[in-house]
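Throughout, a chain's letter reflects where its sequence line sits, starting with A, and its residues are numbered from 1.
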Amino acid sequence: KAGVTQTPRYLIKTRGQQVTLSCSPISGHRSVSWYQQTPGQGLQFLFEYFSETQRNKGNFPGRFSGRQFSNSRSEMNVSTLELGDSALYLCASSPGSREGQPQHFGDGTRLSIL
Amino acid sequence: GNSVTQMEGPVTLSEEAFLTINCTYTATGYPSLFWYVQYPGEGLQLLLKATKADDKGSNKGFEATYRKETTSFHLEKGSVQVSDSAVYFCALESYNTDKLIFGTGTRLQVFP
């Protein structure tokens, strides 16, 4: 069974630009969550999507948004990029039944803002 | 709110030494608890989990027991290998959510 796939692996952008990251979950998984990992703040939850609907949201500004398609694939968008948005963005998928099923992570997209 | 506290690293051990990485949590209700491991340049891999009090999760020689009375989920391994060198994250998932709350991570370095 293929794992969680994130594309691209690396991105370099400049301040003020916008970026879109993609995540393909494990087949059959309906929940996709996004996390930001930085040396200073650690791992922080961004949002979760289930059946094309945002089901949970972390404490990030509105510049961070996402969506999920009918095939469960998800995209995350960050607009008006700031230097502090440089991070590893991780996507995780799970069945979505909320019964303690673990989330499975992709290898992440490393975003660098110049 | 919910939170996870892990011991500071790095933890430096010789091969075949005993490992303990402490993890305590604060949560309402009955969270599920997890240990994830991250190798350089990679995402997080699930190491083990426990979903209720007194459950013991185990995998690849690692173990952790869900202790509700001490709100702890300490990771242990009897004999570490160089290949265990990585960053270990303790995490909780509140009941009825898919939101993971992570500790700060503990870097383990094992020398031959």
Side-chain angles (χ1 to χ4, degrees), chain A residues 3-7 9-10 21 23-26 29-51 53-60 68 72 74 87-110, chain B residues 1-10 23 25 27 29-59 62 64 66 73 86-107:
Chain A
V4 177
T5 303
Q6 292 188 244
T7 56
R9 288 295 310 275
Y10 302 92
L21 313 181
C23 173
S24 293
I26 290 172
H29 283 188
R30 297 170 65 191
S31 169
V32 174
S33 298
W34 290 87
Y35 295 82
Q36 182 196 64
Q37 185 177 25
T38 60
Q41 300 299 318
L43 280 154
Q44 294 187 290
F45 173 79
L46 280 153
F47 30 65
E48 182 222 352
Y49 285 86
F50 179 81
S51 291
T53 302
Q54 188 180 85
R55 192 161 67 168
N56 208 342
K57 188 177 187 302
N59 297 321
F60 278 80
Q68 186 180 35
S72 293
S74 177
L88 180 66
Y89 290 89
L90 293 166
C91 165
S93 77
S94 75
S97 60
R98 290 184 165 176
E99 295 174 349
Q101 295 272 14
Q103 296 184 38
H104 298 268
F105 285 79
D107 284 337
T109 293
R110 183 162 298 280
Chain B
N2 296 345
S3 66
V4 175
T5 301
Q6 276 182 250
M7 64 187 288
E8 294 285 331
C23 171
Y25 68 90
Y30 304 95
S32 294
L33 300 174
F34 305 86
W35 277 100
Y36 283 86
V37 58
Q38 186 174 36
Y39 297 98
E42 298 183 9
L44 303 176
Q45 295 178 24
L46 176 69
L47 186 56
L48 50 84
K49 70 168 187 173
T51 57
K52 60 182 187 297
D54 300 324
D55 267 2
K56 178 187 279 190
S58 62
N59 186 26
F62 291 90
Y66 189 142
F73 193 55
V87 181
Y88 292 80
F89 291 91
C90 183
L92 73 81
E93 184 176 273
S94 298
Y95 176 74
N96 206 34
T97 76
D98 267 335
K99 173 183 176 180
L100 283 168
I101 296 171
F102 288 91
T104 52
T106 302
R107 181 175 299 280

S.K.: So which part of A/Q103 gets closer than 4.5 Å to some heavy atom of chain B, the side chain, the backbone, both or neither?
M.R.: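 Its backbone and side chain both get close to chain B.
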
S.K.: For the residue pair B/Y36 and B/F34, categorise the inter-ring angle as parallel (less than 30°), tilted (30 to 60°) or perpendicular (more than 60°).
M.R.: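 Answer is tilted, since the angle falls between 30° and 60°.
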
S.K.: Please state whether the side chain, the backbone, both or neither of A/Q37 comes within less than 4.5 Å of a heavy atom of chain B.
M.R.: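 When you check distances to chain B, only side chain atoms of A/Q37 fall under 4.5 Å.
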
S.K.: What part of B/Q38 lies closer than 4.5 angstrom to a heavy atom of chain A: side chain, backbone, both or neither?
M.R.: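 Only the side chain of B/Q38 comes within 4.5 Å of chain A.
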
S.K.: Using 30° and 60° as the class limits, which term best fits the ring planes of B/F102 and A/F105: parallel, tilted or perpendicular?
M.R.: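 Answer is perpendicular, since the angle exceeds 60°.
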
S.K.: If I measure from the heavy atoms of chain A, does B/L100 come under 4.5 Å with its side chain, its backbone, both, or neither?
M.R.: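 Interface part for B/L100: both.
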
S.K.: Is it the backbone or the side chain of B/E93 that comes under 4.5 Å from a heavy atom of chain A, or both, or neither?
M.R.: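 Side chain only.
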
S.K.: Is the closest side-chain donor-acceptor distance between B/T106 and B/Q6 under 3.5 Å?
M.R.: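 Short answer, yes.
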
S.K.: Which answer fits A/R9, side chain, backbone, both or neither, if we ask what part of it has an atom under 4.5 Å from a heavy atom of chain B?
M.R.: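 Only the side chain of A/R9 comes within 4.5 Å of chain B.
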
S.K.: Nearest 0.5 Å, please: how far is SG in A/C91 from CG in A/L46?
M.R.: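 A/L46 atom CG to A/C91 atom SG measures 11.0 Å (nearest 0.5 Å).
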
S.K.: Considering only heavy atoms, which portion of A/F50 lies under 4.5 Å from any heavy atom of chain B: side chain, backbone, both, or neither?
M.R.: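 For A/F50, neither part sits under 4.5 Å from chain B.
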
S.K.: Hey, which of A/R55, A/K57, A/Q54 is the one that makes side chain to side chain donor-acceptor pair (under 3.5 Å) with A/E48?
M.R.: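 By the side chain to side chain donor-acceptor pair (under 3.5 Å) criterion, A/E48 pairs with just one of A/R55, A/K57, A/Q54: A/R55.
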
S.K.: Given the options A/P102, A/S94, A/G108, which has more heavy-atom pairs under 4.5 Å with chain B than any of the others?
M.R.: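 Winner by heavy-atom pair count: A/P102.
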
S.K.: Go through the atoms of B/T51 and report whether side chain, backbone, both or neither lie under 4.5 Å from a heavy atom of chain A.
M.R.: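 It is the side chain, since no backbone atom gets that close.
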
S.K.: Is the number of heavy atoms from other residues, nucleotides or ligands under 6.0 Å of B/Y30 OH greater than 12?
M.R.: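 At most 12 heavy atoms, drawn from other residues, nucleotides or ligands, come within 6.0 Å of this atom.
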
S.K.: Side chain, backbone, both or neither: which part of B/K99 has a heavy atom under 4.5 Å from chain A?
M.R.: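 For B/K99, heavy atoms of backbone and side chain both lie under 4.5 Å from chain A.
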
S.K.: Over 60° means perpendicular and under 30° means parallel, so tell me whether A/Y35 and A/F45 are parallel, tilted or perpendicular.
M.R.: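 Because their plane-to-plane angle is over 60°, the rings of A/Y35 and A/F45 count as perpendicular.
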
